[in-house]
Amino acid sequence: MGDLVPLAGVYAKLRSAIDAAGSQREFAKLHDMSEAYVSDVMNASRNPGPAMLRALGFEKVTGYRRMK
């Protein structure tokens, strides 16, 4: 299933990507998303969606595990 990353890891990667872009505004422009959306995700008001996850090199996966 590959390496699973906790949501905190996604946020850490987003912070790094925003720093590399220079600002939330520049990150949003670079990836064709609204600055408000990037801000909402950074403030944990919204979850990162497919486009943002793709921009960060992640995908959301779900799965099932047998109970012990």
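These numbers were taken from a predicted model, which means no experiment stands behind them.
- Residues Tyr37 and Leu7 fall within the same hydrophobic cluster, defined by Ile, Leu, Val, Met, Phe, Trp and Tyr side chains chained together at heavy-atom separations under 4.5 Å.
- Of the candidates His31, Lys29, Gln24, His31 is the only one forming a side-chain contact (heavy atoms from CB on, under 4.5 Å) with Phe27.
- Taken together through direct or relayed side-chain contacts under 4.5 Å among Ile, Leu, Val, Met, Phe, Trp and Tyr, Met42 and Val5 form part of one hydrophobic cluster.
- Looking at Pro48 and Tyr11, their side chains come closer than 4.5 Å, going by heavy atoms from C-beta outward.
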Task: Val10 and Leu56: CA distance, side-chain angles, deciding distance, side-chain contact (heavy atoms from CB on, under 4.5 Å) verdict - done: CA-CA 8 Å; Val10 175; Leu56 298 172; 4.1 Å; yes
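- Shown here is Asp32, whose CG atom has no more than 12 heavy atoms of other residues, nucleotides or ligands within 6.0 Å.
- Not one N or O on the side chain of Ser39 forms a donor-acceptor pair closer than 3.5 Å with the backbone of Glu35.
- Here the straight-line distance linking atom CD of Glu26 with atom CD1 of Ile18 works out to 11.5 Å at 0.5 Å rounding.
- Looking at Val38 and Met52, their side chains come closer than 4.5 Å, going by heavy atoms from C-beta outward.
- Taking CZ of Phe58 as the start and CG of Leu14 as the end, the distance is 10.0 Å to the nearest 0.5 Å.
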